Structure formats: structure tokens, C-alpha cells
Amino acid sequence: MTVIKVGTSSWADRTLLRSGWYPREANTPAGRLSYYAGRFALVEVDTSYYAVPVPETTQGWVDATGDDFTFNVKAYRLFTGHPTPVATLPADLRPVGGPAQIRRRDLPPTAYDELWRRFRAALDPIAAADRLGAVLLQFPPWLARGDAARRRIAELADRCRPWRVAVELRHGSWFDGRAALETLAFLRDHGLTFCCVDMPQGHPESVPPILHATAELAVVRMHGHSTAWDGGDKEDRFRYVYGDRELRIWSELLTELAEQADELHVLFNNCCAGQAQRDAERLTELLAARRVPAGRSRR
């Protein structure tokens, strides 16, 4: 039977640290991660989107968790086409005398390749310990469907091989009518995981929550349904409580989705004052009541 792993899209955001979810004795980064890993089998690394970590840091993550724990790692934002502050690049790779924010095209090919080499080196300790679930390629809302975009996705996925890759698309053109079938077929043909997102609908960057597996690993990210999605700050955009009835429905839907894959990852991204952790804990209870196994999956 497919294993479903449940976790959250961070273990150290500032509102969580202030919320009281961690006990007082979990007062170091390693201590907090160890406490988190005692309650969940999965976490999404969000900090790697903002800066490429060093191998010493990722080795510390491995050392703080057990053999059954899994890290999904979000790719650095420059790779996926987001504007990137130059200050977040390693000092020796920063362009001199240019703008404060750059895109991929602003970085010389040699520097870009070196940045990828360092990103892969950072993930090596996690992969060597068999703790790497997937690399998440989260594309910006303006990446519209098209041949150039598909080539871009395939090229980035190749840079991640042989690791598993999950793709989150955030432009409606990928899912408009029959385009949805073509998008899923493209991901399936390239062995890529379609990242389903539960999020507010009716906004320019809204995409529908299509529960479909395109690879052996399925991934669902739970953003919630904040009414401040368009105009709020980051905390307001993700300030949402999944009610018990809603989570019960999701436990049924996820159990059905799990039948399409060898492994299913569910990540709560409503990261505001520990709410993601509370919702993840409740979903874990509901899945356990349905006798869905949790733990180390078969690879």
C-alpha cells in the first residue's frame, strides 16, 4: 500500500518560533528540527529558495533527523526564473556593478553552472543518507504554457537528475480546458511529479487543485484559502485554518490519490503561528483512522 507522508513547508519560520509549538527545551536549530522530525516524517526546505545552503548546513539537517525522515527541497529562485537579489548569491559569483536584482540571463553561463554545482553539492548529504524526497521546481505565475517553457522545465529537471523532481506551475494557461491533459502528459512523459496545489481560486495566479499523479511520487501543497490572497502580506496570504470537516474530505481525496502513486507527500504551507503544524497533525490522525500507513516508503 502507498505510504502517505505529511509535513509542513518550513520548520523554523518566525511566527512558528513565536507560537509556542516548540517546547522551551527545543531552543536550538538542531533541537527544533529534531523535535519536528519526532512528529512528522516529511518537511519542505523553504530556505533553499532564498539562498543556496552549504553542505555543512544540510549535513546538520541529516544529523538531526532519523532514517525515516524525508526532505523535499525547493530549488533556488534564480533557477526557476524569479527575480533574485544579488546579495543572496555566493559572494564570488555576484555580478559587479549591476542591478540589485537579477534574472538568470544576467548571470554568466560559467557562474550559473557553478551555482548549480553548489546547489547539488548542498543536496548531496541529504541524498547520500536517502532522505531526499524530491527537488521542487516552483515556477513564477507569469510562466505561461508554451514550447519555450516546456524546454525550460525539461532542462532544469535534467540538471536535477537522478533525483526526483516535482513541478509546480502557477499560470492558468497550463490548465485551461484540454491544456490540462497536455500538461499532465508532458510531465508524465518526462518522469516529473505534478505538484497539485490547494489555494484560493478566482485570482490571476490561481490554478485548480487537480489530484492526479504523473510519476511514482505524488505531491500536494496546501496553501489554504485566505481572503487576503491578493492584497495581504505573506502572513495574511497564508493565514488559514483547515477545519475538521475540510480535513476529513481531504483525507478521503488523498487516500484516493495515493492509489495512483507509490508515495504521496502532503505539505501544509499555511505557515502562520504554527497552524500548518496543527493541521498536519490533524490530517495525520485522520489518515491513521483510515488505516493509511505512514513511515518510510518503498523506493
Side-chain angles (χ1 to χ4, degrees), residues 44-55 58 70-84 88-90 93 102-171 173-175 179-197 207 212-219 221 261-263 265 297 299:
E44 181 180 275
V45 178
D46 184 61
T47 55
S48 53
Y49 171 82
Y50 297 100
V52 175
V54 296
T58 56
T70 297
F71 295 92
N72 284 359
V73 181
K74 189 182 290 188
Y76 183 48
R77 55 184 159 187
L78 184 81
F79 300 153
T80 47
H82 296 82
T84 302
T88 68
L89 272 70
L93 298 181
I102 63 171
R103 298 283 186 91
R104 174 185 178 179
R105 62 179 177 267
D106 301 315
L107 202 63
T110 53
Y112 181 75
D113 289 342
E114 174 61 16
L115 195 58
W116 262 105
R117 188 196 67 78
R118 295 186 192 185
F119 179 74
R120 289 187 59 91
L123 270 59
D124 277 340
I126 305 174
D130 198 20
R131 311 273 179 87
L132 181 59
V135 178
L136 173 62
L137 300 177
Q138 184 187 59
F139 290 96
W142 54 85
L143 184 75
R145 171 175 165 263
D147 290 341
R150 283 187 284 266
R151 288 193 296 270
R152 178 74 176 279
I153 293 168
E155 184 263 328
L156 293 178
D158 285 344
R159 286 182 178 268
C160 297
R161 307 293 189 190
W163 302 328
R164 296 188 295 192
V165 177
V167 174
E168 182 176 334
L169 298 164
R170 297 189 290 168
H171 190 281
S173 61
W174 295 95
F175 308 103
L181 297 176
E182 295 174 5
T183 297
L184 296 174
F186 163 75
L187 295 174
R188 187 184 308 109
D189 291 345
H190 285 79
L192 303 175
T193 291
F194 167 61
C195 182
C196 170
V197 177
V207 294
H212 189 83
T214 57
E216 64 174 17
L217 171 67
V219 174
R221 301 181 77 237
D262 293 337
E263 184 176 352
H265 292 177
S297 66
R299 294 288 181 90

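These numbers come from a predicted model, not from an experiment. Reckoned from all heavy atoms, side chains included, excluding hydrogens, waters and symmetry mates.
- Taking 4.5 Å as the limit, some side-chain heavy atom of R103 sits within range of a side-chain heavy atom of P83.
- Remark: A144 pairs with H171, S173 by the side-chain contact (heavy atoms from CB on, under 4.5 Å) rule, at least two apart or across chains.
- Nearest approach of A121 to P55, heavy atoms of both residues: O-CG, 3.7 Å.
- A donor-acceptor contact shorter than 3.5 Å links the side chain of T193 to the backbone of L217.
- Using a 4.5 Å heavy-atom threshold, the side chains of H265 and E44 count as separate.
- For A134 against N72, the heavy-atom pair with the smallest separation is N-OD1, 3.1 Å.
- Summarising the geometry, atom CZ belonging to F139 is positioned 8.0 Å from atom CH2 belonging to W174; distances are rounded to the nearest 0.5 Å.
- Residue pairs meeting the salt bridge (charged side-chain N to carboxylate O under 4.0 Å, His left out) criterion with at least one member in residues 186-197: none, sequence neighbours excluded.
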Could you tabulate the donor-acceptor pairs under 3.5 Å formed by side-chain atoms of residues 153-162, not counting sequence neighbours?
unit_1	atom_1	unit_2	atom_2	d
E155	OE1	R104	NH1	3.4
E155	OE1	R104	NH2	3.3
E155	OE2	R159	NE	2.5
R159	NH1	D113	OD1	3.3
R159	NH2	D113	OD1	2.9
R161	NH2	H190	O	2.7

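- For the side chain to side chain donor-acceptor pair (under 3.5 Å) test, residues two or more places apart in sequence or in another chain that qualify with E114 are R117, R118.
- Between E168 and L136 there is a side-chain heavy-atom pair separated by less than 4.5 Å.
- Counting only heavy atoms from C-beta outward, the side chains of F119 and L115 never approach each other to under 4.5 Å.
- In this structure, the side chains of V207 and L169 stay at 4.5 Å or more apart for every pair of heavy atoms.
- Using modelled atom types, no side-chain atom of T183 and backbone atom of F175 make a donor-acceptor pair closer than 3.5 Å.
- Scanning for salt bridge (Lys or Arg N to Asp or Glu O under 4.0 Å) contacts around R150 gives D147, with sequence neighbours left out.
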What pairs of donor and acceptor atoms, side-chain ones from residues 74-82 against any protein atom, are under 3.5 angstrom apart with sequence neighbours left out?
unit_1	atom_1	unit_2	atom_2	d
K74	NZ	D46	OD1	3.1
Y76	OH	T88	OG1	2.7
T80	OG1	R77	O	3.3
T80	OG1	H82	ND1	3.1
T80	OG1	Q138	O	3.4
H82	NE2	R170	NH2	3.2

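- Put simply, the side chain of T58 reaches to within 4.5 Å of the side chain of I126, judged on heavy atoms.
- Between the CG atom of L192 and the CZ atom of F186 there is a distance of 6.5 Å, given to the nearest 0.5 Å.
- Here the closest heavy-atom approach between residue A215 and residue G191 is recorded as CB-O, 4.2 Å.
- With a 4.5 Å cut-off on side-chain heavy atoms, L89 and L107 count as touching.
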